Engineer: 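Starting off with a structure, shown below.
This one's a predicted model, so the numbers in the text were calculated from it and none came from an experiment.
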Amino acid sequence: GVVTGRSPARRKFFRDPDVPDLLVFERSVDLHDSPLLREGKIVLQGKASCLPAHVLATALQHAPVPKPWKLLDACAAPGNKTSHLAARAGREGGIITAYDRDPRRLERMADNLRRLRCANARAERGDFLRVTPEDHPDVVGILVDPSCSGSGIVQRGDAGGAKKSSVDETQKRLESLATFQKDILGHALSFPGVRYVVYSTCSVHTEENEQVVQHALASVGGAYRLVDAMPGWPCRGFTSENFVEGALCLRAGPRETQTQGFFVACFERNAETSGTTSAPPRPKTSKSVAKRKNDQVSPIIKSHFYARATKRRRKYL
């Protein structure tokens, strides 16, 4: 069980207050050789990396969508987010098809899904951009976590980063990545039956985050809107005069949330195109976002790391 009623600093582990199946351990606890890890009962995974699956599952749980959920993971390998989504969706009878075009990464993901007993997730080799809506006519949710610069993956508290590149090199790479990210997000939004699409990156760059989301919203012509699946999350996306909806996106980072850098946006199909959703919420203003930063935030401290509890399945893939 989880010890409750005491300060997190006095416990060996505690349940994360934002992601329900995430446990937070003191760094002095080494689980790398633990039977729990070998037997697939836990997954060592950063909190920020758990947000996309949590956001998608939470959105679907509060929507009148048919069950069992039919879900896609567009860029799935190595499969941590896939297995998390499988655990959450499995409680609703959900089924996930996870795509990756790299055969070695796909094999690694399939092994991970077998080890974790994810009987409701299937690893599929293929380029998601070539997957058609006819292949998955009943899909209601898609997770899009495409290749990105990885600029958010730094050691906690480290304001630096990985290998330095020139400004020109960095900008060219960001432009190339953003082109791909816009293409794959746009493709996910083109599935006519989908209700929610969650887009995420482990990048801190607006070119890969808010600008991609803004481009997608402009491209779909009002078919989707952004929704805030985690209203209490203190760190929000960047806004501008032409993109106030950025405040509905989530950001994470070493200073703000004491996690790796991450970005998450949740798209919901509009009532006019699905006939089932309610009136859209008004986007949060920058003033309301600033107020959130003064609110109580998760008691996550630098001396802790994360392990996600899994739900064991009876069958292998």
Side-chain angles (χ1 to χ4, degrees), residues 31-34 36-46 48-53 56 71-90 94-132 135-136 139 141-155 161-163 165 169 172-174 176-185 187-188 198-203 208 212 260-263 306-308 310 312-313 315-317:
L31 294 175
H32 289 85
D33 294 323
S34 169
L36 295 174
L37 186 64
R38 290 196 302 270
E39 296 170 10
K41 293 180 179 179
I42 61 170
V43 176
L44 302 185
Q45 185 172 352
S49 179
C50 293
L51 295 178
L56 180 54
L71 308 176
L72 301 180
D73 191 341
C75 311
N80 277 356
K81 298 179 186 66
T82 307
S83 64
H84 189 192
L85 188 60
R88 293 289 298 271
I95 301 170
I96 298 97
T97 303
Y99 283 96
D100 204 277
R101 61 185 182 182
D102 186 300
R104 287 178 297 179
R105 286 168 55 85
L106 186 79
E107 183 178 357
R108 178 184 173 193
M109 175 173 66
D111 288 342
N112 285 337
L113 294 177
R114 281 191 289 267
R115 180 176 58 85
L116 297 172
R117 313 293 200 269
C118 295
N120 61 329
R122 183 178 81 248
E124 190 82 22
R125 183 180 177 184
D127 184 347
F128 179 70
L129 288 172
R130 296 181 179 273
V131 177
T132 68
D135 296 326
H136 298 279
V139 65
I142 303 179
L143 179 60
V144 181
D145 185 71
S147 299
C148 71
S149 65
S151 53
I153 305 303
V154 296
Q155 293 299 315
K163 180 181 176 181
S165 300
E169 288 175 339
K172 287 179 180 178
R173 182 166 183 247
L174 290 178
S176 176
L177 286 166
T179 297
F180 168 70
Q181 292 155 355
K182 290 172 183 177
D183 287 345
I184 200 164
L185 176 56
H187 185 57
V198 167
Y199 173 77
S200 65
T201 75
C202 55
S203 170
E208 299 179 273
V212 171
Q260 301 285 13
F262 231 85
F263 175 88
Y306 303 91
R308 177 168 53 78
T310 62
R312 297 297 296 271
R313 307 284 174 192
K315 298 179 181 179
Y316 285 85
L317 286 173

Engineer: Taking the side chain as everything from C-beta on, heavy atoms only, tell me whether Leu31 gets closer than 4.5 Å to Leu37.
Structural biologist: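 Answer no - side chains too far apart.
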Engineer: Taking only residues two or more places apart in sequence, or in another chain, which ones meet Asp111 in a salt bridge (charged side-chain N to carboxylate O under 4.0 Å, His left out)?
Structural biologist: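 In terms of salt bridge (charged side-chain N to carboxylate O under 4.0 Å, His left out), with neighbours along the sequence ignored, Asp111 is linked to Arg114.
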Engineer: Sequence neighbours excluded, which residues qualify as salt bridge (charged side-chain N to carboxylate O under 4.0 Å, His left out) partners of Arg38?
Structural biologist: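 Scan of Arg38 (salt bridge (charged side-chain N to carboxylate O under 4.0 Å, His left out), adjacent residues dropped) gives none.
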Engineer: So do Thr82 and Ile96 actually touch side chain to side chain, heavy atoms under 4.5 Å?
Structural biologist: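 A side-chain contact under 4.5 Å exists here.
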Engineer: Do His32 and Leu44 come close enough that some side-chain heavy atom pair is under 4.5 Å?
Structural biologist: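 The answer is yes; the side chains approach within 4.5 Å.
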Engineer: Heavy atoms, side chains only, cut-off 4.5 Å: are Glu208 and Leu174 in contact?
Structural biologist: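 Yes, side chains in contact.
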Engineer: First locate atom CZ of Arg101, then atom CZ of Arg125, and finally report the distance between them rounded to the nearest 0.5 Å.
Structural biologist: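 If we round to the nearest 0.5 Å, Arg101:CZ and Arg125:CZ are 11.0 Å apart.
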Engineer: Ignoring hydrogens, what is the shortest heavy-atom contact between Lys81 and Pro52? Give both atom names and the distance.
Structural biologist: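 Taking Lys81 first and Pro52 second, the nearest heavy atoms are CE-CG, 4.1 Å.
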Engineer: Minimum heavy-atom separation for Cys148 and Leu177, please, with both atom names.
Structural biologist: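 Of all heavy-atom pairs spanning Cys148 and Leu177, the closest is C-CD1, 3.7 Å.
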Engineer: Where is the tightest heavy-atom contact between Leu185 and Val212, given as atom of each residue plus distance?
Structural biologist: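 Heavy-atom minimum between the residues: CD2-CG1, 3.9 Å.
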Engineer: Mind jotting down which residue pairs meet the ring-ring contact (aromatic ring centres under 6.0 Å, His included) criterion with at least one end in residues 99-124? Sequence neighbours excluded, please.
Structural biologist: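 Counting only pairs at least two positions apart or across chains, the ring-ring contact (aromatic ring centres under 6.0 Å, His included) contacts touching residues 99-124 are Tyr99-His136.
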Engineer: Hey, does Ile142 have a side-chain heavy atom less than 4.5 Å from the side chain of Leu71?
Structural biologist: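 Sidechains of Ile142 and Leu71: no contact.
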Engineer: Do you know which two heavy atoms are closest between His187 and Val131, and how far apart they sit?
Structural biologist: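 What the structure gives for the nearest pair is NE2-O, 2.5 Å.
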Engineer: How far apart are the C-alpha atoms of Ile184 and Cys75, what are their side-chain angles, what is the distance that settles it, and do they pass the side-chain contact (heavy atoms from CB on, under 4.5 Å) test?
Structural biologist: CA-CA 9 Å; Ile184 200 164; Cys75 311; 3.2 Å; yes
Engineer: Within the distance-only criterion (no hydrogens, no angle test), does the side chain of Asn120 pair as donor or acceptor with the backbone N or O of Ile95 below 3.5 angstrom?
Structural biologist: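 Checked: no pair found.
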Engineer: Would you sort out whether Phe128 and Asp73 count as a side-chain contact (heavy atoms from CB on, under 4.5 Å), showing the intermediate values?
Structural biologist: CA-CA 9 Å; Phe128 179 70; Asp73 191 341; over 6 Å; no
Engineer: Heavy-atom distance under 4.5 Å between the side chains of Ser200 and Phe262, does that happen here?
Structural biologist: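 With C-beta onward as the side chain, the pair touches.
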Engineer: Any heavy-atom pair between the side chains of Ser83 and Leu113 that's under 4.5 Å?
Structural biologist: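 Touching, per the 4.5 Å side-chain cut-off.
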Engineer: Once you round to the nearest 0.5 Å, how far does CG of Leu85 lie from CG of Leu56?
Structural biologist: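 Leu85 atom CG to Leu56 atom CG measures 5.5 Å (nearest 0.5 Å).
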Engineer: Mind checking side chain to side chain donor-acceptor pair (under 3.5 Å) for Ser176 and listing every partner two or more places apart, or none if nothing turns up?
Structural biologist: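 Testing Ser176 for side chain to side chain donor-acceptor pair (under 3.5 Å), a comparison that skips the adjacent residues, returns none.
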Engineer: How many angstroms lie between atom CD of Glu39 and atom OG of Ser34, to the nearest 0.5 angstrom?
Structural biologist: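 Separation between the atoms: 8.0 Å.
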Engineer: Walk me through it: do Gln260 and Ser49 pass the test side chain to side chain donor-acceptor pair (under 3.5 Å)?
Structural biologist: CA-CA 8 Å; Gln260 301 285 13; Ser49 179; over 6 Å; no
Engineer: One thing to verify: whether Arg105 and Glu107 come together as a salt bridge, which I'm taking to mean a side-chain N less than 4.0 angstrom from a carboxylate O.
Structural biologist: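 No, this pair does not count.
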Engineer: Going by side chain to side chain donor-acceptor pair (under 3.5 Å), name the residues that satisfy it together with Thr201, two or more places apart in sequence or in a different chain.
Structural biologist: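 Residues passing side chain to side chain donor-acceptor pair (under 3.5 Å) with Thr201: Asn209.
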Engineer: Just how far is it from atom CD of Gln181 to atom CG of Asp145, taken to the nearest 0.5 Å?
Structural biologist: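 Those atoms lie 10.0 Å apart.
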Engineer: Within the 4.5 Å heavy-atom criterion, are Pro146 and Tyr199 side-chain neighbours or not?
Structural biologist: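 Yes, their side chains come closer than 4.5 Å.
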Engineer: Asp102: what forms a salt bridge (charged side-chain N to carboxylate O under 4.0 Å, His left out) with it, not counting sequence neighbours?
Structural biologist: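 For Asp102 there are no salt bridge (charged side-chain N to carboxylate O under 4.0 Å, His left out) partners, ignoring immediate neighbours.
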Engineer: At their closest point, which heavy atom of Ala76 faces which heavy atom of Met109, and how far apart are they?
Structural biologist: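 Of all heavy-atom pairs spanning Ala76 and Met109, the closest is CB-SD, 3.3 Å.
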